[in-house]
Amino acid sequence: QVQLVESGGGLVQAGGPLRLSCVASGSIFSIDDMGWYRQAPGKQRELVAVVLYGGITNYADSVKGRFTISRDNAKNTVYLQMNSLQPGDTAVYYCNMEVYDDNHYLNAYWGQGTQVTVSS
């Protein structure tokens, strides 16, 4: 079994930075894709950023140039550095990982979500 635990959310003023972390634990052989999603009230969950095992990254147009996704494979951790935050970034942020267990079986896992609120 694999669990993902997120941290780093909170309240920040517009223009400020925030750094999210997500740590996976359990029966892990390796982790392929790591990503961050967000969902605002009344809106659909959207992909924010993804980083593949080889380091290839992709970002939603709305966050390009402001957010940076990174990973530490030794720590089974994915980060999201958010700079120049805007009120429109307010949402619950979820991490997602494609995890190979010790039998090399692939499953996707979600974190519990962490609230990010940006005030104007």
Side-chain angles (χ1 to χ4, degrees):
Q1 294 183 331
V2 176
Q3 299 82 38
L4 272 58
V5 179
E6 303 177 28
S7 62
L11 175 64
V12 64
Q13 291 186 357
L18 208 60
R19 185 173 183 256
L20 306 182
S21 300
C22 178
V23 181
S25 62
S27 181
I28 299 171
F29 179 79
S30 66
I31 304 175
D32 203 352
D33 301 351
M34 296 183 178
W36 288 94
Y37 294 72
R38 68 185 182 187
Q39 187 169 22
K43 300 187 68 175
Q44 199 166 10
R45 187 174 299 185
E46 64 174 346
L47 177 66
V48 176
V50 62
V51 56
L52 307 185
Y53 184 83
I56 298 172
T57 59
N58 194 28
Y59 298 90
D61 289 340
S62 60
V63 307
K64 284 182 179 178
R66 299 188 298 119
F67 291 10
T68 302
I69 189 171
S70 60
R71 62 190 290 164
D72 187 334
N73 291 326
K75 297 180 179 179
N76 295 326
T77 300
V78 62
Y79 305 94
L80 186 67
Q81 178 65 50
M82 303 183 291
N83 297 325
S84 302
L85 282 164
Q86 305 165 4
D89 297 317
T90 296
V92 177
Y93 285 70
Y94 300 89
C95 64
N96 176 270
M97 299 189 189
E98 299 286 339
V99 179
Y100 289 93
D101 63 18
D102 290 332
N103 294 316
H104 297 191
Y105 190 82
L106 181 66
N107 282 297
Y109 296 90
W110 290 92
Q112 80 281 6
T114 184
Q115 177 70 47
V116 173
T117 302
V118 184
S119 65
S120 59

Asker: Minimum heavy-atom separation for V118 and T90, please, with both atom names.
Answerer: N-OG1, 2.9 Å
Asker: Is the number of heavy atoms from other residues, nucleotides or ligands within 6.0 Å of OH (Y109) greater than 12?
Answerer: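 It does: Y109 OH has more than 12 such atoms within range.
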Asker: Membership question, hydrophobic clusters at under 4.5 Å side-chain separation (ILVMFWY): are Y94 and I31 in the same one?
Answerer: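 Cluster IDs for I31 and Y94 differ.
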Asker: How many angstroms lie between OG1 in T114 and CZ in R38, if you round to the nearest 0.5 Å?
Answerer: 14.0 Å
Asker: Of all heavy-atom pairs between A40 and A91, which one has the smallest distance, and what is that distance?
Answerer: N-CB, 3.9 Å
Asker: For the CD atom of Q81 and the CZ atom of R19, what is their distance to the nearest 0.5 Å?
Answerer: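 Result: 6.5 Å between the selected atoms.
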Asker: Just how far is it from atom CG of L106 to atom CG of D33, taken to the nearest 0.5 Å?
Answerer: 8.5 Å
Asker: Check L20 against G9 and note the closest heavy-atom contact, atom names and distance.
Answerer: CD2-N, 3.6 Å
Asker: Might you point out which heavy atoms bring M97 and A24 nearest each other, and give the distance in Å?
Answerer: SD-CB, 3.8 Å
Asker: Quick check: do D89 and M82 have side-chain heavy atoms less than 4.5 Å from each other?
Answerer: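 SC-SC contact between D89 and M82 ruled out.
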Asker: Go through it in stages, so that I can follow the logic: the residues are Y37 and V50, the test is side chain to side chain contact (heavy atoms under 4.5 Å, CB included), and I'd like the CA-CA distance, side-chain angles, deciding distance and then a yes or no.
Answerer: CA-CA 9 Å; Y37 294 72; V50 62; over 6 Å; no
Asker: When clusters are formed by joining ILVMFWY residues with side-chain heavy atoms under 4.5 Å apart, either directly or through shared neighbours, do V48 and L4 land in the same one?
Answerer: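 As far as the 4.5 Å side-chain criterion goes, L4 and V48 are connected within one cluster.
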Asker: Going hydrophobic residue to hydrophobic residue with side-chain gaps under 4.5 angstrom, can you get from V12 over to Y93?
Answerer: yes
Asker: Are I28 and Y79 connected, step by step, through hydrophobic side chains (Ile, Leu, Val, Met, Phe, Trp, Tyr) whose heavy atoms are closer than 4.5 Å?
Answerer: no
Asker: Just verifying a value: how many Å separate E46 CD and W36 CH2, rounded to the nearest 0.5 Å?
Answerer: 14.5 Å
Asker: Is the ring pair F29/H104 parallel, tilted or perpendicular, if the boundaries are 30 and 60 degrees?
Answerer: tilted
Asker: Please step through side chain to side chain donor-acceptor pair (under 3.5 Å) for the pair S27 and D101, ending with a clear verdict.
Answerer: CA-CA 5 Å; S27 181; D101 63 18; 5.7 Å; no
Asker: Please say which of T57, V51, N76 ends up in a side-chain contact (heavy atoms from CB on, under 4.5 Å) with R71.
Answerer: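 Among the candidates, only V51 passes.
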Asker: Atom CG of L47 and atom CG of N96: how far apart are they, to the nearest 0.5 Å?
Answerer: 9.0 Å
Asker: Does a donor on one side chain and an acceptor on the other come within less than 3.5 Å for D72 and T77?
Answerer: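 D72 vs T77: no donor-acceptor pair found between side chains.
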Asker: Going by the disulfide (SG to SG under 2.5 Å) test, which pairs reach into residues 68-120, not counting sequence neighbours?
Answerer: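 Only C22-C95 qualify under disulfide (SG to SG under 2.5 Å).
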Asker: Taking all non-hydrogen atoms of both residues, which atom of N83 and which atom of P17 are closest, and how far apart?
Answerer: OD1-CB, 3.5 Å
Asker: Shared ILVMFWY cluster between V92 and W110, side chains joined below 4.5 angstrom?
Answerer: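 V92 and W110: one cluster.
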Asker: If I take atom CG from residue L80 and atom CE from residue M34, how far apart are they, to the nearest 0.5 angstrom?
Answerer: 13.5 Å
